[in-house]
Amino acid sequence: MTAALSRHAAILADERRAAFRHVGLAAGIVFVCMAALWITGLFDAERLIAGIPALAQLASEMVPPDFSRWQNWIKPLVDTLAMSIAGTALAVVLSLPLALLAAPTIAPNALVYHACRIVLSALRSVPETIMGIIFVAAVGFGALPGVLALALHSVGMVGKFYAEAIEHVDPKPLEAARAAGASPFQVITHAVLPQVLPQLADITIYRWEYHFRASTVLGIVGAGGIGFELIAVLRIIRYDQVSAILLTILMCVIVVDWLGAWLRKQLK
C-alpha cells in the first residue's frame, strides 16, 4: 500500500513539474514575442496614428483600379506561371537526391548526411530575392534568372521537408528489402518512395503555389513576369494601375491555390 502511494505521489510530482515547464515555456515565448513587437515599434501608437492619413491618401489614389492596359499583362502573367512551374520542377529534380542523402535512414554514412544537411541549410538561408539579383547580374533580365533563383532557394526548403518525410518512414519494409539482398537503389525505389510519395506530392504542390507568389516579387528585381510590370507602374506613381495589377495577381493566386487543392485531392 505504501509503495503504491509513493508511486502515485511520484507520478503527481512529475506531472506538476511538467506543467510548470510548459507554463514556463509558454511564458518565455510570450515574453520574446512581446519584446519583438516592442523593438519593432508596433507599440508606438503615435507613429501608427500619424501614418493613417498617408494610407488614406494612397488608398484614394488606388481607387478605382485602371485595367486599361490588361492586354499588356497577359504575357507577363504567363511568364510568371511558367517560372513557377519550371522552378518547382527543377527544385524537385535537385532536391530528391539531396533529401535521400540527408535522411539518416538512407544516408550511407554520417559525413554524407551532415554535408547534405549543411548544403540544404546554406541554400535556404539565401532569400530568392537575393538569388534573383545575383542571377540577373549573371545571365541578364528575363524569366531564366527567376527560375534559377526559385529552384535553388527551394532546394534547401523542399529538400529539408523531403528528408524529414523520408526519415519517418516505417523501417520494417527497409529491413525486409535489405534482408532480401536488395541494392540501395532498390531499397529506395521499392521500400522508401512508395511510403512517402503522397507526402512528397503535397510538399511539391504547396511549393508550386508559393513559387507563383514569389515569382511576382522576383519580377521586381528584373527577373521578368508580372512583377516587372508592377515595379514599372510604381516608378511612375500610377497607383490606380498598381491596384489593378494587384487584383489581377490576387485572382491568379486564387486560381493557382484552387488548382493545387484539386491536384492534392486527385493524388490522394
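Quick caveat: nothing in here was measured; it's all calculated off a predicted structure.
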Any residue meeting side-chain hydrogen bond (donor to acceptor under 3.5 Å, both in side chains) with Tyr113, in chain and number order, not counting sequence neighbours: none
With sequence neighbours excluded, residues passing side-chain contact (heavy atoms from CB on, under 4.5 Å) with Val255: Leu259
Distance (rounded to the nearest 0.5 Å) between Ile118 CD1 and Ser125 OG: 12.0 Å
Nearest heavy-atom neighbours spanning Pro145 and Val136: CB-N, 3.6 Å
Validation row: Leu230, Leu246 side chains within 4.5 angstrom (heavy atoms): yes
Whether His211 side chain and Ile85 backbone form a donor-acceptor pair below 3.5 Å: no
For the student: nearest non-hydrogen atoms of Pro97 and Leu94, plus distance: CD-O, 3.6 Å
Single-linkage hydrophobic cluster Leu90~Val155, side-chain heavy atoms < 4.5 angstrom: yes
Considering all heavy atoms, the nearest Val242-Val233 contact: CG2-CG2, 3.6 Å
Between CG on residue Leu120 and CG on residue Leu101, distance to nearest 0.5 Å: 9.5 Å
Pairs touching residues 113-123 that satisfy salt bridge (charged side-chain N to carboxylate O under 4.0 Å, His left out), sequence neighbours left out: Arg117-Glu167
Minimal non-hydrogen separation, Ser215 against Ser84, with atom names: OG-N, 3.9 Å
Test side-chain contact (heavy atoms from CB on, under 4.5 Å) applied to Leu77 and Leu81, step by step: CA-CA 6 Å; Leu77 281 171; Leu81 179 62; over 6 Å; no
Leu200 and Leu96, any side-chain heavy atoms less than 4.5 Å apart: yes
Which donor-acceptor pairs under 3.5 Å do side chains of residues 31-38 form with protein atoms, sequence neighbours excluded?
none

Verdict with supporting geometry, Phe67 and Leu247, side-chain contact (heavy atoms from CB on, under 4.5 Å): CA-CA 10 Å; Phe67 288 94; Leu247 287 172; 4.1 Å; yes
Shortest non-hydrogen contact between Val112 and Asn109, atoms and distance: N-OD1, 2.8 Å
Show me the donor-acceptor pairs within less than 3.5 Å that the side chains of residues 159-166 make with the rest of the protein, sequence neighbours left out.
residue, atom, partner, partner atom, Å
Lys160, NZ, Glu164, OE2, 2.8
Tyr162, OH, Thr204, OG1, 2.5

Verify same cluster id: Val126, Leu144 (apolar side-chain graph, 4.5 Å): yes
Nearest heavy atoms of Cys252 and Phe212, plus distance in Å: CB-CZ, 3.5 Å
Pair Arg213 + Asp257, salt bridge at N-O below 4.0 Å: yes
Shared hydrophobic cluster, Met251 / Trp73 (ILVMFWY, side-chain heavy atoms < 4.5 Å): no
Straight-line distance of Met157 CE to Ile203 CD1, nearest 0.5 Å: 11.5 Å
Pairs where residues 131-149 contributes a residue and the test salt bridge (charged side-chain N to carboxylate O under 4.0 Å, His left out) is met, not counting sequence neighbours: none
Connected via hydrophobic side-chain network under 4.5 Å: Val30 and Ile39: yes
Straight-line distance of Leu100 CG to Ser95 OG, nearest 0.5 Å: 10.5 Å
Shared hydrophobic cluster, Ile130 / Phe135 (ILVMFWY, side-chain heavy atoms < 4.5 Å): yes
Contact check, side chains of Asp240 and Pro65, non-hydrogen atoms, under 4.5 Å: no
Val256 side chain reached by Tyr210 side chain, heavy atoms, under 4.5 Å: no
Distance-only polar pair, side chains of Ser154 and Arg207, donor-acceptor under 3.5 Å: yes
From Glu128 atom CD to Leu148 atom CG, the distance as rounded to the nearest 0.5 Å: 13.5 Å
